[in-house]
6 protein chains.
Amino acid sequence: MSDRSDLTHVTEEGDAQMVDVGEKPDSDRRAVARGRIDLRPSTVEAIEADDVGKGDVLAVARVGAIQAVKHTWETIPMCHQIPITNVETEFSVDEAGVELTVAVETTGKTGCEMEALEGVSTGLNVVWDMVKAAEKDENGEYPATRIHDIEVLAKEKRELT
Amino acid sequence: MSDRSDLTHVTEEGDAQMVDVGEKPDSDRRAVARGRIDLRPSTVEAIEADDVGKGDVLAVARVGAIQAVKHTWETIPMCHQIPITNVETEFSVDEAGVELTVAVETTGKTGCEMEALEGVSTGLNVVWDMVKAAEKDENGEYPATRIHDIEVLAKEKRELT
Amino acid sequence: MSDRSDLTHVTEEGDAQMVDVGEKPDSDRRAVARGRIDLRPSTVEAIEADDVGKGDVLAVARVGAIQAVKHTWETIPMCHQIPITNVETEFSVDEAGVELTVAVETTGKTGCEMEALEGVSTGLNVVWDMVKAAEKDENGEYPATRIHDIEVLAKEKRELT
Amino acid sequence: MSDRSDLTHVTEEGDAQMVDVGEKPDSDRRAVARGRIDLRPSTVEAIEADDVGKGDVLAVARVGAIQAVKHTWETIPMCHQIPITNVETEFSVDEAGVELTVAVETTGKTGCEMEALEGVSTGLNVVWDMVKAAEKDENGEYPATRIHDIEVLAKEKRELT
Amino acid sequence: MSDRSDLTHVTEEGDAQMVDVGEKPDSDRRAVARGRIDLRPSTVEAIEADDVGKGDVLAVARVGAIQAVKHTWETIPMCHQIPITNVETEFSVDEAGVELTVAVETTGKTGCEMEALEGVSTGLNVVWDMVKAAEKDENGEYPATRIHDIEVLAKEKRELT
Amino acid sequence: MSDRSDLTHVTEEGDAQMVDVGEKPDSDRRAVARGRIDLRPSTVEAIEADDVGKGDVLAVARVGAIQAVKHTWETIPMCHQIPITNVETEFSVDEAGVELTVAVETTGKTGCEMEALEGVSTGLNVVWDMVKAAEKDENGEYPATRIHDIEVLAKEKRELT
């Protein structure tokens, strides 16, 4: 028995809109998202082969993720611009690829799960970009590369007194 | 037998860099990427319940995807800004969620698979944002929502004569 | 008996500046702006011919208007970045064209009429862009297309207690 | 006898899209747009009262217009990013307000009338912003301020040989 | 006896991060930065030769500086977006070049010295851009042009009660 | 005997403008800029103390520099957007601070020295931001930190045949 009123950003007439948050109190909010990119074993080795090299691949992805968090209000059309007070990024490299977890905190009037999702999906795309040559086959295709399991792990909210 | 030279955007010293494309010829290039977002059946019904409402959810996601394609050079730190000549977006709604395919064409000196990937991942994030209220459970969590199977389907290249 | 001190963003020496709002209290503010684009009758028919098509022309213009509201601090050089809490857009299609009304709300230290004006003028420009082929004559000119009557309809302000 | 195919940026299915310009030749193109802002006589006097002051009001508007031209591909969702080779801005101040003419030139694959329109509407909005204090009445409203007659004056195109 | 914990934006593991400012109180903060560009005497004369011309060179640099202040959170990867309440710019032209001082004020949770530095370095770069033709020698080189002595002059902080 | 015509971006009437590059041929161009930031010896030690830590401070600065190069057309108001084909960054750490050299290449119609300068000044500002805690004295001031000697080292141009 669903109806359109379940769609956050759509009016009764079906028009897209931003949600009115003017009456919402300021609150401490935190959201955590996670996702994975599958890579060839040889690419994972290349990432891990050298501390500096690894530092740079993941360092660039980390910067890309943080910047994406801050740009969410531009990238996702109906998102509000909220004050981001903290961003934590954690990359975990295993033999099958890289997992990225992004936690975002805000003191604003609305949640920050879209910011965490933007951080994860952009960070994983940056990893892809950094290892393109290693992942391509002889035809320039990417038979093994895949981004998946992007999800929101946790959300917290505490009203500011 | 992998080494760092397999990493596209890393110098021999391990520093991040853009690839020098000055010597590359202009060419017609096309890349297609695809991904999915799993949604609750009731959310899919809500999206489909009304032509206008559906139009707007997917229309906003379509705009978000197209804008993300054009902004790839800003979002992915080592990407070049290339002339995008065409963007095609196709949403397919089934009972389990939404699939998005994005094709990008350019006449530039480097490929456009990152642009297609950015279009897909952003478009799916916009869908998520538009249906947040319908996907949340009573605790504000997203037990069913998940983005996955983002991959590059095809790449083509033809040198301009 | 006017003098330069009437110009909001100009110092006594005639230099451009942002207004210092550090001492201003936070307040609830709302501004409404409106404008029109004149179109050929056949273009209006084309917009109205199909719900989905109409949905998309106006949906893209709506997204463009909302994004322009949020980007006002970048587009208008002396504007401050203020927290936008709500944006309402309303398109009215009649036989002679399209009228767009944009209402913006903020809880910041300065008014939001420039945000509302940016929403209106950008939204109308997007409509123009979407119907270019229908409005052009055989020489590629636009004899009938015109944007006019952009004005601020209302402003409200209530100090937060 | 209009139909949706008259709408430049809408597919047969009614979905928004960018136009495919991959097959279009490079060409020299020029577009000129113009618009007006009506102001109180006292505001016009204030603008004209001092060369430096006038310089700064219009100088800021000029910068705003030029930047808006370059940002059109971001502001108008379905626009392509094209190489802008020249922007000319001309302000004409008379007793009733300010008229702004913007000419844009490109060597790209598509026209630049949207760029010229963006330059005009943004430049006029910047003028409004710069003279807010002079235009407001005692209630903070703008009884006399109005932007109108925004139109495309001319378009030219010459294929590059 | 230095260690990595002295580096503001680096975790114990050596990863880049934004600083968590969630627990910091809102406060009034002000930062002032200053820098110089050395120019040929003939360029300085050209800047000063005409009030309007001078107005425009410095007016464009002033707009560039103010915009750079507002964009610091995008340009400096680990910076937070903070509410800028005031920006003051002062250009001082002497026979050897131009000195630019930028003061920035915020009510946010973190300091604004990076914003002031961004304003100074961008404003000086804009001056360089505006006088390129006057500074180049016959080989297109810039033997005399140099930006230097960019420093933070003062910082103030007062907790909001 | 200088006059305003020596100022690149100013019309005869003294108005700011972009230079018309429509008639200029495409050419291979390269520009190299360099600058320094002075730091406390203990900060330099902290940067060098750990490969990963050093990697991250400079890696973030490198990303900031490359992004600044690509954004020059937005940051410097009268700059054209040109196709950047290559960016090389080189950091040199000595006991007194960090020196940054940025080389930029383009195939466009105008030079890229402003892009190289933007890369240098932004990269040095990012270093400053990353080591703020190490450079501040007990009063939160920066007695030792200073950016200087920013200059254009070389420019090259070769017409494309």
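All values below come from the heavy atoms of this structure, side chains included, with hydrogens, waters and symmetry mates left out. In this text the structure is predicted, and so the values were computed from the model without any measurement. Here is the naming used below: chain letters follow the sequence lines, and residue numbers restart at 1 for every chain.
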Is it true that atom CD of D/E90 has more than 12 heavy atoms of other residues, nucleotides or ligands lying nearer than 6.0 Å? no
The reported gap from CD in D/Q17 to CG in B/N86 (rounded to nearest 0.5 angstrom) is 7.5 Å
Are any of the side-chain heavy atoms of B/V69 and D/M18 separated by less than 4.5 Å? no
Please indicate whether D/E141 has more than 12 foreign heavy atoms, meaning atoms of other residues, nucleotides or ligands, lying under 6.0 Å from its CD. yes
Rounded to the nearest 0.5 Å, what separates atom CG in D/D20 from atom CD in B/E88? 7.0 Å
Just checking heavy atoms, which of residues 71-84 of chain B are less than 4.5 Å from chain D? B/H71, B/W73, B/E74, B/Q81, B/I84
